[in-house]
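Notes to accompany the following structure.
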Amino acid sequence: MGRPRRRGLLLGVVLILVLGAPLLMLARYPGLFEAGWFQALDGGLRETRNNLRFLIYAGKFITRLSLNPQTGFYDFAAARRQADTDFERGLFAYHAGDFTTAVAMLEKAIAARGESEDRLFWLANAHLRLAEAENCLATLRADAPAQAGGAMRFPDHVQPMCTLPLLRPHMRRASTRRAAEILQRLHDQHPDDRVYHWLLNFSYMALGEYPQGVPPADLLATPFIDTFYGRRAERLASEHADLAFADRAAALHVATFDAGKGVAVEDFDGDGDLDIVTGGNFDTLRYYANLDGADFVDRSEAAGFNGITQVHVITAADFDNDGFMDLFVGRPFLHYLLLRNRGDGTFEDVTAAAGLLDGWLDDEMSFTWASAWGDADNDGDLDLFIARWGMHIPLLGGILAQPFRGARFFVNEGGHFVDRTHASGLGKIVHDRAFIGAAWGDADNDGDLDLFLSSLVHRGSRLLHNNGAARFENAQRHGPGFMAAFVDVDHDGQLEIFQGGFTDAWTSTAGAVFGEDLGDPAGGSLLLRRDSAGQFRADSGFFDDGRLPIASMGVSYGDLDLDGCLDFYLGTGNPEGWFVLPNLMFRGDRDGTRCGKRASNISMLHGFGTVQKGHGIVFFDFDADGDQDVYSSLGGMWPGDRWPNQFFINESDTGNRWVKIRLRGRQTNRFGVGARITVRAVDARSAPIVRTYLMDHKTGFGSAPYLAHIGLLDAIAIDGVEVFWPVSDRRCTYPAAINTLAHLDEADCR
């Protein structure tokens with residue numbers, strides 16, 4: 001009896017371990033368990049492997065960031081001192097931006113320990129980044145001493161060596177050539193690795209030897225290549241010859257050199273001009289005041305921004321309804337900030353006084369990914385949802401071992417914020433989950449703002465229905481993605497949802513450059529459209545290259561040509577240094593006077609296709625000439641990813657018309673956030689032109705002004721502008737004139 005009993009006991013222990021481990025995992029790490037479960041169900045083996053490789057890489061280096069008491073920034077200074085091998089010293093030098101040292105240390109490691117795939121790959125990356133610094137960045141900084149506030153004077157059209165297609169070859173070619181040689185060896189040894197193959201071709205582009213210098217067997221000839229270098233590129237340039245843009249960031253003194261992240265554009269000093277607030281992870285918050293549309297001046301110190309570091313996301317909102325635009329600043333590793341505008345473009349920190357730090361732990365970390373403002377309870381002031389990385393992952397040290405809270409929903413009660421995360425029904429939804437995008441919009445047209453949350457996790461994104469009392473319930477799950485926004489692309493009065501994609505470098509490269517079918521979900525940006533049953537379904541055909549699976553970070557949209565059809569600029573990238581893919585500009589196609597069926601890729605034009613990591617993006621008319629310009633904050637996850645920002649000034653002459661609209665809420669919040677605008681106009685043939693607009697701050701790391709700028713094609717007259725005011729529940733029509741700014745007041749809505 002003893003032996004069978006012992007066998008039974010052993011079997012019982014095994015069953016407990018086999019069945020109990022998942023249950024324990026589910027209880028302790030429900031978010032991680034759910035992520036793994038849906039990844040196994042939805043993701044293919046290759047995608048799962050690539051995601052795991054990405055997470056291991058990102059986690060390793062995030063956990064080695066530490067606060068530098070001498071600078072006040074988190075950086076790799078301590079990690080570099082503590083590294084005990086040449087290989088590690090090379091990796092931390094690379095991420096710190098010291099590429100010369102990185103190459104030397106990696107070469108030394110190979111000499112001592114021999115070659116390996118990992119060592120060769122990092123050496124190739126270090127040479128590519130060194131070549132970029134010696135050529136493209138050196139050209140940008142030539143004869144450009146640093147100016148006060150971090151801005152530099154760079155030549156116009158500043159990206160000729162680092163924008164697809166590369167218009168100028170590298171002049172200092174030793175590192176570029178060495179990278180090509182190493183990548184050739186890696187590709188020969190691992191012919192199925194798409195990143196090695198793509199970077200090999202990219203190296204020849206940088207050398208000015210593409211396509212003729214690429215070994216014939218290794219030459220890429222795919223639709224992606226044709227879009228930037230082939231006949232398709234020529235055709236698209238001809239078809240879109242009416243557009244003209246020039247990067248004037250340097251001339252206008254806003255070419256901030258940092259690891260760019262957030263951008264907010266608004267009239268912060270009340271002079272009628274649109275100003276820029278921007279910043280980066282390893283830099284300070286900057287305020288550029290607009291000088292009557294002719295130039296910008298750095299007024300960061302006067303604004304009270306000294307000492308505000310580690311900037312991640314920035315959104316503008318008038319939280320206290322006093323008529324002055326305030327700022328929310330999310331920061332990784334540090335608590336976020338609410339900065340109240342005193343009315344003259346100077347700000348005071350009211351984060352604690354406004355209740356946003358109630359219950360905060362001293363050592364708590366807040367990795368804020370997105371902030372979304374909306375009047376969820378329809379009481380006339382703006383509430384705040386903060387999307388954060390709230391998923392706990394075991395075995396991570398460093399700063400990720402600190403306690404950190406997940407997403408939070410704050411209700412605004414007369415300028416004071418109260419945490420209603422649990423009372424609203426969101427507590428269980430956001431607990432131990434990672435949300436990196438958030439947007440408010442009335443998805444079902446019932447008069448209440450619903451909430452869309454975007455997550456990197458399969459089936460982790462969610463549309464949440466507002467039952468009318470700022471209580472939310474799950475309406476529908478969606479696939480993985482990054483930043484999100486509600487937008488009416490076809491102007492039918494029904495909002496669609498834009499969701500930016502997210503994939504790792506290997507998956508993005510295989511899908512985008514090589515055109516491989518990655519299945520669904522593939523990680524590309526897409527539109528979700530509402531069907532007849534009220535469910536939102538993916539329309540992967542809106543972007544004409546399909547669900548081009550290039551990871552997007554900051555994303556925004558506007559109207560480059562004033563035809564009223566929305567154009568989208570996708571700031572692409574992720575922490576991987578070997579993610580070398582372009583930012584993407586899509587121009588909304590038009591069918592007569594109608595819009596919304598698809599958008600064409602014009603990323604190869606005007607320097608839009610920079611291969612630097614893209615974050616905050618805002619479309620706005622800085623010089624009040626009637627067309628929209630585009631400000632783009634560049635730079636990535638690490639200190640070594642610093643890059644000057646771009647400012648694409650619109651020099652197009654399409655002859656199209658427009659109207660601008662500022663709202664003045666009374667019962668509704670001061671700037672009419674959440675209001676819906678419909679403009680009805682006619683052209684010379686009496687054909688109707690209908691354009692709709694949701695008043696919000698758009699999406700991503702960038703915050704657009706609460707100033708509707710609506711293209712009207714070749715309209716000759718506006719029949720009327722209808723505004724739906726959500727709090728008063730009124731729908732009124734106002735007069736407006738072509739090519740003018742209209743101020744529409746809720747008090748006039750009878």
Side-chain angles (χ1 to χ4, degrees), residues 90 93-94 96-104 106-107 122-147 151-185 196 198-215 218-220 225 228-229 233 246-251 255 257 577-583 603-613 632 634-636 640-648:
Y94 172 94
D98 184 358
F99 303 120
T100 300
T101 299
V103 166
L106 293 170
E107 293 275 19
W122 276 110
L123 181 58
N125 274 288
H127 273 294
L128 277 179
R129 294 301 301 275
L130 178 58
E132 180 182 72
E134 289 179 335
N135 290 277
C136 191
L137 190 56
T139 300
L140 303 184
R141 301 182 72 173
D143 301 320
Q147 306 298 306
M152 298 181 180
R153 290 198 177 98
F154 300 118
D156 291 336
H157 304 287
V158 298
Q159 310 292 344
M161 296 183 185
C162 41
T163 294
L164 285 185
L166 302 182
L167 302 178
R168 289 179 54 189
H170 288 178
M171 304 302 292
R172 300 180 63 182
R173 303 186 183 189
S175 282
T176 321
R177 183 73 66 189
R178 179 67 174 134
E181 292 169 355
I182 298 170
L183 288 164
Q184 182 70 66
R185 293 176 59 192
Y196 298 165
W198 159 238
L199 291 182
L200 173 63
N201 279 259
F202 180 80
S203 297
Y204 279 100
M205 294 173 186
L207 287 167
E209 299 174 6
Y210 182 90
Q212 70 280 2
V214 185
D218 302 324
L219 179 63
L220 283 176
I225 299 297
F228 289 91
Y229 279 90
D247 185 348
R248 306 292 188 201
F257 182 70
W578 49 95
F579 190 104
V580 183
L581 293 168
N583 286 4
S603 311
M604 74 299 300
L605 305 178
H606 311 298
F608 292 139
T610 176
V611 296
Q612 299 304 312
K613 308 299 175 64
S632 174
L634 299 179
D641 291 333
R642 287 182 173 89
W643 204 261
N645 293 349
Q646 292 182 286
F647 197 10
F648 296 101

- Just by distance, do the side chain of D247 and the backbone of A249 share a donor-acceptor pair under 3.5 Å? yes
- Message: For L220 versus N201, what's the shortest heavy-atom pair and its separation?
- Response: N-OD1, 3.1 Å
- Query: What distance separates T610 OG1 from L581 CG, expressed to the nearest 0.5 Å?
  - Reply: 11.5 Å
- Would you check if C162 and W643 make a side-chain contact, meaning some heavy-atom pair closer than 4.5 Å? yes
- Message: Working to the nearest 0.5 angstrom, can you tell me the gap between L130 CG and N125 CG?
- Response: 12.5 Å
- Message: Consider side chain to side chain contact (heavy atoms under 4.5 Å, CB included). Of R129, R172, H170, R173, which one does E134 pass it with?
- Response: R172
- Closest contact, heavy atoms only, V103 versus L123: O-CD1, 4.0 Å
- Query: If every non-hydrogen atom of L200 is compared with every non-hydrogen atom of A180, which pair is closest and at what distance?
  - Reply: CD1-O, 3.6 Å
- Item | Heavy-atom pair with the smallest gap, counting every atom of G577 and Y94 | CA-OH, 3.4 Å
- Please examine the side chains of E181 and H127, heavy atoms only from C-beta on, and report whether any two atoms are closer than 4.5 Å. no
- Quick check: does any side chain N or O of N583 sit under 3.5 Å from a backbone N or O of G609, one acting as donor and the other as acceptor? no
- Is any side-chain heavy atom of Y229 closer than 4.5 Å to a side-chain heavy atom of L164? yes
- Query: What pair of heavy atoms forms the shortest contact from F228 to P582, and how long is it?
  - Reply: CZ-CG, 3.6 Å
- Item | Spatial distance of atom CD (Q646) from atom NE2 (H606) [nearest 0.5 Å] | 13.0 Å
- Say whether, by atom type as modelled, one donor and one acceptor occur between the side chain of N135 and the main chain of M171 under 3.5 angstrom. yes
- Are any non-hydrogen side-chain atoms of P165 and M205 less than 4.5 angstrom apart? no
- Between I182 and A124, which heavy-atom pair has the shortest distance, and what is it? CG2-CB, 3.8 Å
- Task: Anything under 30° is parallel, anything over 60° is perpendicular, the rest tilted; go ahead and classify F202 against W198.
- Result: tilted
- Query: How far apart are the C-alpha atoms of E132 and L137, what are their side-chain angles, what is the distance that settles it, and do they pass the side-chain contact (heavy atoms from CB on, under 4.5 Å) test?
  - Reply: CA-CA 6 Å; E132 180 182 72; L137 190 56; 5.6 Å; no
- Query: Do Y210 and I225 have side chains that get closer than 4.5 Å, going by heavy atoms?
  - Reply: yes
